[in-house]
Enquirer: 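Sharing a structure below in structure tokens format, with a few things to ask.
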Amino acid sequence: TMGHLLAFLLGLVFKATSVYGIPSCSADGQLAFYRFCNLTQVPQVPNTTTKLLLSFNYIRVVNATSFPLLDQLQFLELGTQNIPLTIEREAFRNLPNLLVLDIGNTKIQFLHTDAFQGLFNLVQLQLYYCHLSDSILKDGYFRNLSSLAILDLSRNEIENLQLHPSFGNLESLKSIDLSLNHISLICKRDLEVLQGKRFSLFNLASNNLYSKVSVNWKECMNPFKNMSFEILDVSSNGWTVDIVRDFCHAIQGTRISSLLLNYHIMGGGFGFHNLKEPDQDTFAALGMSSVIKMDISHGFIFSLNFHLFETLRELKVMNLSHNKVNKIANGAFYGLDNLQILNLSYNLLGELYQSDFAGLSKVAYIDLQRNHIGIIEKQTFKHLKNLQTLDLRDNAIKTVYFLPSVHTAFLSGNKLVHIEENINITAGFLDLAENRLANLNDLYILLQIPDLKFLILNKNRFSFCNQQYGPSKNHTLEQLYLSENMLQLIWEAGKCWDVFKRLSHLKILFLNNNYLNFLPPDVFSDLTALQILSLDGNKLISLSPGVLPENLRVLSLSQNHLLSPDPTVFASLSYLDITHNKYICECEARNFILWLNQTKVNMLGSPEDVYCTYPDSFSGVSLYSISTEGCDEEEALQFIHFSLFIFFTTTLTVFLTAVVTFTRFRGCCFLLWRKMFLTLALEYHPQGVKEDQHKYDAYLCFSSKDFEWVQNAFLNHLDSQYSPKNRFNLCFEERDFLPGEDHINNIRDAICNSKKTICIVTRHFLKDGWCIEAFNFAQSRYFSDLKDVLIMVVAGSLSQYQLMKYPPIRVFVQRQPYLKWPEDLQDVGWFLNKLSQRILNKKEEKKKSNNIPLQTVATIS
Ligand SMILES: *[C@@H]1O[C@H](CO)[C@@H](O)[C@H](O)[C@H]1NC(C)=O
Ligand SMILES: *[C@@H]1O[C@H](CO)[C@@H](O)[C@H](O)[C@H]1NC(C)=O
Ligand SMILES: *[C@@H]1O[C@H](CO)[C@@H](O)[C@H](O)[C@H]1NC(C)=O
Ligand SMILES: *[C@@H]1O[C@H](CO)[C@@H](O)[C@H](O)[C@H]1NC(C)=O
Ligand SMILES: *[C@@H]1O[C@H](CO)[C@@H](O)[C@H](O)[C@H]1NC(C)=O
Ligand SMILES: *[C@@H]1O[C@H](CO)[C@@H](O)[C@H](O)[C@H]1NC(C)=O
Ligand SMILES: *[C@@H]1O[C@H](CO)[C@@H](O)[C@H](O)[C@H]1NC(C)=O
Ligand SMILES: *[C@@H]1O[C@H](CO)[C@@H](O)[C@H](O)[C@H]1NC(C)=O
Ligand SMILES: *[C@@H]1O[C@H](CO)[C@@H](O)[C@H](O)[C@H]1NC(C)=O
Ligand SMILES: *[C@@H]1O[C@H](CO)[C@@H](O)[C@H](O)[C@H]1NC(C)=O
């Protein structure tokens with residue numbers, strides 16, 4: 001499967017990058033890996049170590065002599081000790097080149113104010129969840145850390161931000177994480193030392209900031225005065241509409257590229273009216289902050305009010321997902337002249353109106369997945385000239401008339417039942433998976449869309465095809481996904497075999513899980529660019545040579561019913577998955593087994609998953625562990641000799657007499673018969689021949705090379721002219737065909753004028769074009785007038801695979817069981833009995849006959 005392929009490629013990547021490839025509690029020169037080693041002090045490691053991992057130990061104290069001089073060390077992980085940790089003065093001074101120090105998730109019992117002194121090169125300091133209090137900021141721990149850029153103090157016990165003056169000298173400081181502390185108020189005076197700084201991240205999330213105290217903003221003033229932020233995270237602070245409005249007002253003018261306000265409690269939610277919805281005032285003051293991205297997801301906003309965002313003219317990305325948005329007021333998005341991405345996913349929108357997105361002249365991406373949208377006004381998206389991607393996954397949309405020309409449209413998980421024929425759009429990528437499309441004609445319609453490159457139709461209900469379009473023109477499609485449909489139902493009805501015609505650019509095709517038990521001839525013949533084909537999870541028994549496109553590189557046939565594949569079919573592939581099939585481990589699989597052992601094709605999946613299913617004694621055994629020794633190429637005819645040996649003596653005389661007799665009289669018989677039926681049969685109107693008008697009980701069709709054996713095995717025991725004890729009036733070429741008549745007419749006559757046609761399928765039969773033709777013709781009566789006239793008897797050691805190579809035989813075998821000439825002579829009587837029943841059985845379709853077993857047929861042994 002593709003899964004195997006991915007796992008395989010990922011495996012390579014993983015092996016190349018795994019850093020912990022050394023045993024625990026040891027060092028390999030660069031990496032010293034000492035996690036979970038019950039250490040109570042720092043171990044001796046080589047002075048070449050660059051990365052030292054000491055988490056999950058019992059180190060109680062580190063002081064200035066704990067670490068030997070390790071001037072190559074860049075990364076030290078000391079956090080997550082199992083006991084509280086004391087860090088003494090200049091504990092890390094022997095690590096002058098340390099870049100990253102991680103002490104997170106450890107209870108720090110005592111921290112000397114000079115603990116970090118000497119770490120001039122330290123870039124990143126992780127002190128999350130260390131039970132630290134206000135003093136960590138107040139007491140100058142970070143003096144002289146002139147390279148420090150990233151300081152993580154999240155999940156501590158900090159309540160007040162009183163910053164030591166030395167923060168003003170931390171020229172490199174870019175990112176402070178103070179989330180998950182208890183900072184309920186920050187005012188201008190608290191952050192004065194940070195003025196003039198630009199932060200890439202300032203994280204104040206989850207502090208109950210401003211929400212647990214009443215703030216006098218006049219006094220407090222702008223805490224972020226003269227600072228600027230790439231990301232200011234004030235999410236999860238329980239902010240209401242009023243808090244947001246006051247905050248925005250207070251920080252007026254502070255530049256913030258990305259403002260995270262998500263996990264708020266603005267809005268009334270669904271069914272409540274007592275809580276305030278944000279309005280025109282709420283975000284108005286942000287207009288001077290040049291906000292480019294704003295996240296107000298995860299809240300309770302029910303209605304997007306009039307001119308809600310009107311001042312946010314520089315905003316490019318807005319995330320309103322996971323609210324309760326159900327109403328979009330007129331002009332709600334007015335002013336968002338530069339908005340490019342609008343995320344309204346996971347809301348409660350039920351219908352979309354033409355006016356909803358008015359004003360979003362530059363919007364390129366609208367995400368509306370996971371709403372309840374059922375109806376969309378036709379022009380809703382069509383006037384958004386820059387729209388490239390429209391995501392409407394998992395809604396309740398029934399038709400696609402509203403679809404604008406976009407590059408990418410996601411419509412999976414809706415309720416589409418058909419595609420409008422006049423859908424006049426261009427699109428590059430269409431995801432229509434998990435809908436209710438049932439008529440494969442929809443695919444022909446979609447293939448009229450110019451420029452389409454990716455089309456996903458997995459998990460629909462394609463099961464019939466009222467084809468109204470021909471195959472597309474030279475189409476641009478490159479990837480087509482049709483997994484988990486019911487293409488078998490379509491193709492077995494003989495419909496739409498040309499569905500992949502002219503897709504000369506197609507590179508990837510997924511047809512897995514479609515119940516396929518055959519592939520229509522030439523179905524892939526135009527796919528000259530196809531590289532990856534998945535046929536997983538179907539019911540394919542064999543693949544005929546030539547069915548695969550020549551440039552195919554990756555083929556997945558896992559979980560099919562392959563019995564004994566012809567290895568030449570796979571020869572030109574690079575990757576192949578043939579796990580979990582129903583291999584027959586008999587001699588006819590010899591070539592396949594030998595091929596498996598030495599092929600250069602990369603096999604995906606584990607060798608254990610390529611196992612035998614038959615015979616029972618080999619069930620579950622890997623094909624890779626089976627020996628083909630002792631398999632003789634021509635063992636096939638053995639049984640015939642064996643049978644002949646038994647019959648020979650008893651039947652020789654009868655046979656000779658019979659041949660002489662009937663050769664003499666055949667002319668008369670046939671002239672008579674010809675007069676009666678020939679005209680009828682030539683034009684072949686099967687309805688014209690009534691049951692009781694049949695001249696013969698059965699036409700016995702076999703290769704003339706098998707004549708002697710057939711005579712011994714069948715004619716002697718069934719045909720009434722061979723013995724008066726026999727009750728059937730049989731027809732066969734050697735006796736009953738009209739000399740001089742066209743052979744094919746003879747065959748048709750024989751079939752039309754017999755109640756049944758028995759094909760004795762042997763190796764000779766398969767090599768005889770006339771026999772196959774006769775088989776095909778008899779079979780066709782089943783399809784043309786539902787008369788099941790064909791009985792197939794397989795004799796000799798023909799494998800299912802050899803049979804399946806012949807399309808008419810394949811069709812028969814998939815339709816019903818066939819009889820097999822018994823290997824054990826004791827069973828011959830039983831077999832002939834069963835065959836007789838089949839001849840007598842006047843089964844119309846679906847009617848089960850309960851004929852009594854024939855007593856008159858002689859048993860042989
Ligand atoms: C650490 O100590 C525990 C408990 O005594 C023991 O089970 C474990 O094997 C020790 N681990 C190492 C790496 O010595
Ligand atoms: C590392 O230690 C070895 C001896 O163990 C010594 O020869 C070498 O000079 C030391 N390298 C440095 C850079 O200190
Ligand atoms: C560091 O601690 C060890 C024991 O943990 C002690 O023997 C040593 O004297 C201490 N060194 C300093 C400089 O305090
Ligand atoms: C560290 O900072 C202190 C005061 O902030 C200063 O007196 C001292 O000189 C600095 N040390 C170094 C090595 O720069
Ligand atoms: C911002 O802060 C810097 C450094 O503290 C200072 O030089 C500058 O004058 C301040 N600008 C304003 C507008 O306050
Ligand atoms: C909000 O949407 C933006 C863009 O649409 C996305 O990058 C971001 O991850 C989303 N935030 C959350 C919390 O989902
Ligand atoms: C929109 O937000 C949802 C949920 O937060 C997220 O999964 C999705 O990726 C976002 N869409 C875009 C386009 O970023
Ligand atoms: C298809 O749409 C284009 C413009 O988008 C228009 O010019 C053309 O007439 C339309 N064709 C049909 C058949 O509606
Ligand atoms: C199909 O279109 C491509 C360009 O899109 C062109 O190069 C190629 O010759 C065309 N093939 C046929 C058979 O028209
Ligand atoms: C597979 O090939 C190896 C040598 O390449 C040979 O030793 C082994 O017997 C072969 N196995 C089978 C089942 O043919």
Side-chain angles (χ1 to χ4, degrees), residues 20 22-27 32-44 53-69 78 80-95 109-112 114-115 117-118 205 233 235-236 258 260-264 292-301 304 315-325 339-349 357 360 362-371 373 381 384 386-395 406-413 429 431:
Y20 304 134
I22 62 167
S24 205
C25 309
S26 72
F33 185 46
Y34 286 93
R35 288 179 181 164
F36 301 102
C37 293
N38 296 344
L39 297 176
T40 56
Q41 57 185 27
V42 177
Q44 285 301 315
L53 308 178
L54 291 172
S55 305
F56 307 100
N57 282 296
Y58 295 86
I59 298 170
R60 192 180 299 277
V61 184
V62 284
N63 63 23
T65 54
S66 296
F67 291 93
L69 181 66
L78 183 61
T80 323
Q81 293 303 319
N82 296 324
I83 54 170
L85 176 65
T86 292
I87 304 177
E88 298 285 5
R89 137 177 287 208
E90 294 180 30
F92 308 103
R93 68 169 182 195
N94 282 339
L95 313 174
Q109 181 125 314
F110 172 77
L111 184 63
H112 195 278
D114 289 336
Q117 291 309 296
D233 188 346
S235 62
S236 306
S258 181
L260 308 186
L261 286 166
N262 46 333
Y263 293 97
H264 55 86
I292 289 171
K293 284 187 181 181
M294 183 154 87
D295 190 342
I296 32 180
S297 63
H298 296 272
F300 301 88
I301 301 173
L304 296 178
L315 198 67
K316 288 188 176 155
V317 180
M318 166 125 67
N319 195 342
L320 279 160
S321 66
H322 292 280
N323 276 281
K324 311 283 175 202
V325 177
L339 195 73
Q340 290 172 5
I341 302 180
L342 174 60
N343 195 339
L344 271 166
S345 60
Y346 300 88
N347 276 290
L348 298 177
L349 291 166
F357 301 105
L360 297 176
K362 289 207 178 146
V363 78
Y365 195 134
I366 299 184
D367 189 343
L368 287 159
Q369 62 176 307
R370 296 261 179 174
N371 278 273
I373 301 164
F381 300 106
L384 304 174
N386 289 301
L387 190 62
Q388 288 180 7
T389 304
L390 181 58
D391 190 342
L392 283 162
R393 271 177 282 184
D394 300 309
N395 279 288
V406 281
H407 180 267
T408 302
F410 299 100
L411 279 158
S412 58
F429 178 109
D431 178 3

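Just so you know, ligand 1 is whichever comes first in the structure, and atom 1 is the first atom listed for that ligand. For this chain, numbers begin at 1 and follow the sequence in order.
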Enquirer: Do ligand 7 and Asn343 have nitrogen or oxygen atoms that lie under 3.5 Å from each other?
Expert: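 N/O-N/O distance under 3.5 Å: yes.
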Enquirer: Ser345 heavy atoms, cut-off 4.0 Å: which ligand 7 atoms fall inside?
Expert: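 Answer for ligand 7: 1 (C), 2 (O), 3 (C), 4 (C).
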Enquirer: Under a 3.5 Å distance rule, please check whether Asn371 uses its side chain to pair with a backbone N or O of Leu348 as donor and acceptor.
Expert: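 Flag set: sc Asn371 to bb Leu348 pair under 3.5 Å.
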Enquirer: Please could you name the atoms of ligand 1 that Phe36 approaches to less than 4.0 Å, counting only its heavy atoms?
Expert: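 It comes down to these atoms of ligand 1: 13 (C).
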Enquirer: What I want to know is whether Ser321 and ligand 7 share at least one N or O pair that is separated by under 3.5 angstrom.
Expert: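 Yes; the residue has a nitrogen or oxygen that sits under 3.5 Å from a nitrogen or oxygen of the ligand.
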Enquirer: Write down the atom of Ile87, the atom of Ala115, and the distance for their closest heavy-atom approach.
Expert: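 Heavy atoms of Ile87 and Ala115 come nearest at CG2-CB, 3.7 Å.
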Enquirer: Look at the side chain of Asn94 and the backbone N and O of Phe92, then say whether any donor-acceptor pair between them is shorter than 3.5 Å.
Expert: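 No.
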Enquirer: Should we count CZ of Arg393 as having more than 12 external heavy atoms under 6.0 Å?
Expert: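 More than 12 within 6.0 Å, yes.
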Enquirer: Is there a donor-acceptor contact under 3.5 Å from the side chain of Gln81 to the main chain of Leu54?
Expert: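 The answer is yes, because a donor-acceptor pair under 3.5 Å joins these two groups.
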Enquirer: May I have a table of the N/O to N/O pairs between ligand 3 and the protein that fall below 3.5 Å, each row giving the two atom names and the distance to 0.1 Å?
Expert:
unit_1	atom_1	unit_2	atom_2	d
ligand 3	2 (O)	Asn63	ND2	2.2
ligand 3	11 (N)	Asn63	ND2	2.9
ligand 3	11 (N)	Thr65	OG1	3.2
ligand 3	14 (O)	Asn63	ND2	3.4

Enquirer: Kindly give the heavy-atom pair with the smallest separation between Pro84 and Gln109, and that separation in Å.
Expert: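 In this case the closest contact between Pro84 and Gln109 is CB-OE1, 3.3 Å.
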Enquirer: Using modelled atom types and a 3.5 Å cut-off, is there a donor and acceptor pairing between side-chain atoms of Asn57 and backbone atoms of Ile59?
Expert: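 Side chain of Asn57 to backbone of Ile59: no pair is present.
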Enquirer: Is there a donor-acceptor pair under 3.5 Å between the side chain of Asn347 and the backbone N or O of Ile301?
Expert: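 Judged by distance alone, no pair lies under 3.5 Å.
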Enquirer: Taking only heavy atoms of His322 into account, list the atoms of ligand 7 that are under 4.0 Å away from them.
Expert: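 Listed by number with element: 4 (C), 5 (O).
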Enquirer: Heavy atoms only: give me the nearest Ser66-Val42 pair and the separation to one decimal.
Expert: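 It is O-CB, 3.7 Å.
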Enquirer: Any N/O of Asp367 closer than 3.5 Å to an N/O of ligand 7?
Expert: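 In this structure, Asp367 places an N or O atom under 3.5 Å from an N or O of ligand 7.
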Enquirer: Could you tell me whether ligand 7 has any atom less than 4.0 Å away from a heavy atom of Ser297?
Expert: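 No, Ser297 has no heavy atoms under 4.0 Å from ligand 7.
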